[in-house]
Amino acid sequence: GSASKQFNNEVLKAHNEYRRQHGVPPLKLCKKLNREAQQTLHCNGMEEYEEDGSGEGTCK
């Protein structure tokens, strides 16, 4: 929904600010890639994603 879209845009903005500080080009959201990633999580029974603090994530 719109809350998810807003969240994605806020994360992208923050990520691109970090990239800018390091002199690399910004990223763009890819709806197709997001949709495929979400479908993969659901198909594997991993509907919840949790950041573990090390920059890596785990699916539950």
Side-chain angles (χ1 to χ4, degrees):
S2 65
S4 178
K5 184 177 179 181
Q6 181 179 354
F7 175 77
N8 288 345
N9 287 330
E10 289 175 11
V11 170
L12 179 65
K13 182 178 176 182
H15 187 81
N16 280 335
E17 174 57 27
Y18 184 77
R19 290 176 63 85
R20 186 190 64 74
Q21 292 172 10
H22 294 277
V24 294
L27 298 176
K28 296 180 186 176
L29 286 177
C30 175
K31 291 179 185 179
K32 180 181 177 188
L33 184 58
N34 282 343
R35 185 173 47 251
E36 289 175 3
Q38 193 64 46
Q39 288 173 347
T40 298
L41 287 174
H42 287 292
C43 289
N44 290 312
M46 297 180 257
E47 297 180 15
E48 294 182 32
Y49 177 86
E50 184 176 298
E51 178 69 35
D52 69 5
S54 69
E56 298 292 326
T58 58
C59 293
K60 292 184 170 185

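Here the structure is a predicted model, which is why all the values come from computation and not from measurement.
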### Query
Which heavy-atom pair separates R19 from L27 by the least distance, and what is that distance?
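Closest pair (atom of R19, atom of L27, distance): NE-CG, 3.7 Å.
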
### Query
Hydrophobic clusters join Ile, Leu, Val, Met, Phe, Trp and Tyr when side-chain heavy atoms are under 4.5 Å apart, directly or via other members; which others share one with L33?
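Members besides L33: none; it forms no cluster.
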
### Query
In the hydrophobic clustering that connects Ile, Leu, Val, Met, Phe, Trp and Tyr at side-chain heavy-atom distances below 4.5 Å, which members other than V11 occupy its cluster, ordered by chain and number?
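Other cluster members: F7.
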
### Query
Rounded to the nearest 0.5 Å, how far does NE2 of H15 lie from CG of L29?
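If we round to the nearest 0.5 Å, L29:CG and H15:NE2 are 10.5 Å apart.
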
### Task
Look up atom CD in Q6 and atom CG in N8, then write down how far apart they are to the nearest 0.5 Å.
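Here the interatomic distance stands at 10.5 Å.
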
### Task
Give a yes or no on whether a salt bridge exists between E10 and K13, defined as a side-chain N under 4.0 angstrom from a carboxylate O.
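Salt bridge between E10 and K13, a charged N being under 4.0 Å from a carboxylate O: no.
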
